[in-house]
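Here the structure is laid out as structure tokens; the discussion comes afterwards.
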Amino acid sequence: METDLRLESSLWVGNKRYRAVLTGWHLRWTEVDKKDRDKKTISVPVAEVVGVEEGRVEILPQKLVEDKDKEFTVFYVKRSSSGGSFGLLWRLGRTQFSCPSRVLRDQWTKQLRTALKTHSPLRPHRLLVFINPFGGKRKGRKIYHSLVAPLFELAGISSHVIVTEWANQARDHLLKKDLTGFDGVVCVGGDGMFSEILHGLIGRTQQEAGLCENDPAVTLQPCSLHIGIIPAGSTDCVCYATVGVIDPVTSALHIIIGDSQPLDVCSVHHASALVRYSVSLVGYGFYGDVLAESEKHRWMGPLRYDYSGAMVYLSNRSYAGIIQYLPADPMISTPRDKTRCLSGCSVCSRSTERLFPHSSDSASLYSSHFSQFSSDSEGEWQSVEGRFKCVSLTCMSSSCPRSPLGLSPSAHLADGTGDLILVWDTHPLGFLKFLHRHTSTQDQFDLPFVEVHRVKAIRFLLPSSDKAEEAYEEIMGQGHGRAEEERGYQETVNRSSSQQHLAEKSTGREMTNEQKTASPFLCGLCCSKSPSVSVWNCDGEILPFTEILCRIHGQLVRLYARGIEDSTNIHDCSEQHDKCERRCILNK
């Protein structure tokens, strides 16, 4: 199949002789016995060769170099099972070759490096790295310097490292500083750090394009810089959902070889103003309450989420709301079609052609995608009203180690849609069954009180916002007795935006039947009064608004990733395989 033969010779690995062949796409070495018969063959795609060094070299756990003028070492990606995770672990494979002469050794190293430049044009050369030293177990700096930096050095990648000292430092740097010469931005941290990078890059891109992010109908410009994630936080949902494992070495290797995974982004607006961007979860009701409750118990560390989840569940809350949504085309995909968004996903590939009909890159995005949100398409919107345990919108599966299939197992990373999950008010045991199914392979949507829709946009409205406004005004007129309790909200939002949250604190208001919350289930264990409204959980941050508009922007950013590799279908290229050549090319 390959005709661009570059080099072929006999080499030695240890005390065994191999016939080594380098083509444009693959490096292969086949063991040859004393009768010149072929035995085991190892094949590595050139695109997955990390680096080539003269002599005998080791990189991890520490760099060791033994100068041998007839030897060279090849480093490459080697896959292994990740145990309980669905993805594959990537490890640094290493093979030391001995040549008959130094001239031949130099010829091999030169040809290998030339092949890397020719067939891996997307590899980064200079990266801007942000390290969050406080995230997770506070091991961000150690993870980067001991595991990631040596790999970057091996691959010839230069890095400008910034250790953040305050919140939003990375975002502000990306918005204001000169980024010329960088191929990508890497965050060493968790989902919060990634969110900073996301907001900074999208904001910077729109600034340079002269676009207003606050306009809900604006055609956003896709970001040119890739984002790399080195997981080192307390939550690493984005990394898990796009790579399949939470492993710094695996993520670093994806960055090195220049993998590129487009990613949809959801913009959240209130009153024609941008509130935040989201890539995983925008959740109201249960997920919002859990986050709000956990903020009161930060001293507990990660255990606060388990504790808060139990307390919120026992409170048995439900909330009234009106959800309007713009359905996506069900002929393309549905949230219950039992497909999974894996590496090389056909749905996302077709979506790229649909979103970019006249261009191979994302610079021309949304000319047709956003026309469907114009005023002449208002008739396509659907609406439901009632009481809900939770309302969730996710642009990806939102899988994690505790929920391997995620909130929506068939959600796609880059198809320009999100999945809207509505859980209607139901008996506590029914809701517990719904929650428990997230930890197993059972269909969490196969319940009578659950519905899911693939959408392009949603609106959430309160049934009686006028009454909420009256409640707000009366509270404000009664004095400032609750000022300290509400200080966290009032510092960040204006009067109208916080009206619903403040209304829940009113103690003397009469409400309609639709506004009243269902009788609490064991509510006395965890709260004294059931609130009338919840809060929105947007990728782990509480939104200061209740009524919002969410819109999905297809393939707005790109990550150094390739999606989750299916361990049942993708083989390790270091082993012989009849179709290795073709499969590896297709997977790139």
Side-chain angles (χ1 to χ4, degrees), residues 1-2 25-26 43-49 76-82 85-90 119-123 222 226-229 238-245 247 250-251 253-264 279 332-335 337-357 360-362 395-399 404-406 408-417 419 454 554-575 577-588:
M1 182 175 178
E2 296 175 311
W25 294 102
H26 281 80
S43 178
V44 175
V46 170
E48 294 186 2
V49 173
Y76 51 91
V77 171
K78 190 171 184 178
R79 293 168 174 81
S80 64
S81 173
S82 57
S85 301
F86 282 91
L88 293 172
L89 285 171
W90 283 18
H119 295 286
S120 302
L122 297 180
R123 291 196 176 197
H226 280 61
I227 302 176
I229 306 173
V238 179
C239 181
Y240 192 92
T242 55
V243 178
V245 294
D247 178 67
T250 301
S251 296
L253 292 173
H254 278 288
I255 294 171
I256 288 170
I257 68 173
D259 270 341
S260 183
Q261 171 64 53
L263 190 65
D264 297 337
V279 296
I332 298 176
S333 65
T334 69
D337 58 15
K338 303 299 182 181
T339 62
R340 291 199 66 207
C341 186
L342 300 173
S343 179
C345 174
S346 60
V347 173
C348 294
S349 298
R350 291 195 301 268
S351 297
T352 301
E353 300 170 0
R354 174 171 53 86
L355 294 171
F356 311 98
S360 60
D361 66 51
S362 49
C395 294
M396 58 173 62
S397 66
S398 294
S399 57
L405 295 181
S408 186
S410 295
H412 290 273
L413 295 173
D415 66 343
T417 70
D419 285 354
R454 187 144 290 170
Q555 304 186 12
L556 189 59
V557 297
R558 285 184 173 270
L559 305 185
Y560 285 119
R562 64 170 57 178
I564 298 175
E565 291 182 307
D566 189 350
S567 58
T568 62
N569 293 327
I570 296 186
H571 66 289
D572 189 342
C573 292
S574 64
E575 298 296 332
H577 197 289
D578 292 339
K579 298 181 180 179
C580 174
E581 181 176 301
R582 173 169 175 78
R583 295 179 72 176
C584 291
I585 293 174
L586 290 177
N587 284 325
K588 287 305 291 174

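Position 1 is the first residue of the sequence; numbering continues from there.
Taking each heavy atom of Ser349 and Gly344 in turn, the nearest pair found is OG-O, 4.4 Å. The nearest pair of heavy atoms linking Leu405 to Ser397 is O-CB, 3.8 Å. Nearest approach of Ser120 to Ala47, heavy atoms of both residues: OG-CA, 3.5 Å. Closest approach of Pro335 and Ser410 over heavy atoms only: O-CB, 3.6 Å. The nearest pair of heavy atoms linking Asp264 to Cys395 is O-CB, 4.3 Å.
We find the CD1-OH distance between Ile229 and Tyr240 to be 14.5 Å, quoted to the nearest 0.5 Å. Atoms CG and OG, on Leu89 and Ser81 in that order, are 7.5 Å from each other to the nearest 0.5 Å. Rounded to the nearest 0.5 angstrom, Cys345 SG and His412 NE2 are separated by 4.5 Å. Between the CH2 atom in Trp90 and the CD1 atom in Ile257 there is a gap of 3.5 Å [rounded to 0.5 Å]. In this structure, the separation between OG on Ser343 and CG on Leu88 is 9.5 Å, given to the nearest 0.5 Å. Rounding to the nearest 0.5 angstrom, the gap separating the CZ atom in Arg123 from the CD1 atom in Ile255 is 13.0 Å.
Annotation: side chain to side chain contact (heavy atoms under 4.5 Å, CB included) contacts of Ser260 (sequence neighbours excluded): His226, Arg558. With sequence neighbours excluded, the residues forming a side chain to side chain donor-acceptor pair (under 3.5 Å) with Ser398 are Thr394, listed by chain and number. Residues meeting the side chain to side chain contact (heavy atoms under 4.5 Å, CB included) test with Ala411, sequence neighbours left out: Ser408, Asp419, Arg454. Residues that satisfy the side chain to side chain donor-acceptor pair (under 3.5 Å) test with Asp247, not counting sequence neighbours, are Arg91, Thr250. Scanning for side chain to side chain contact (heavy atoms under 4.5 Å, CB included) contacts around Thr334 gives Pro330, Asp337, with sequence neighbours left out. For the side chain to side chain contact (heavy atoms under 4.5 Å, CB included) test, residues two or more places apart in sequence or in another chain that qualify with Ala561 are Thr242, Val243, Gln261, Leu559.
One N or O on the side chain of Gln555 and one on the backbone of Ala414 form a donor-acceptor pair closer than 3.5 Å. Formation of a donor-acceptor pair under 3.5 Å by the Asp415 side chain with backbone atoms of Cys348 is not found in this model.
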Start with the C-alpha distance between Ile564 and Arg340, add both sets of side-chain angles, then the distance that settles side-chain contact (heavy atoms from CB on, under 4.5 Å), and finish with yes or no. CA-CA 9 Å; Ile564 298 175; Arg340 291 199 66 207; 4.0 Å; yes

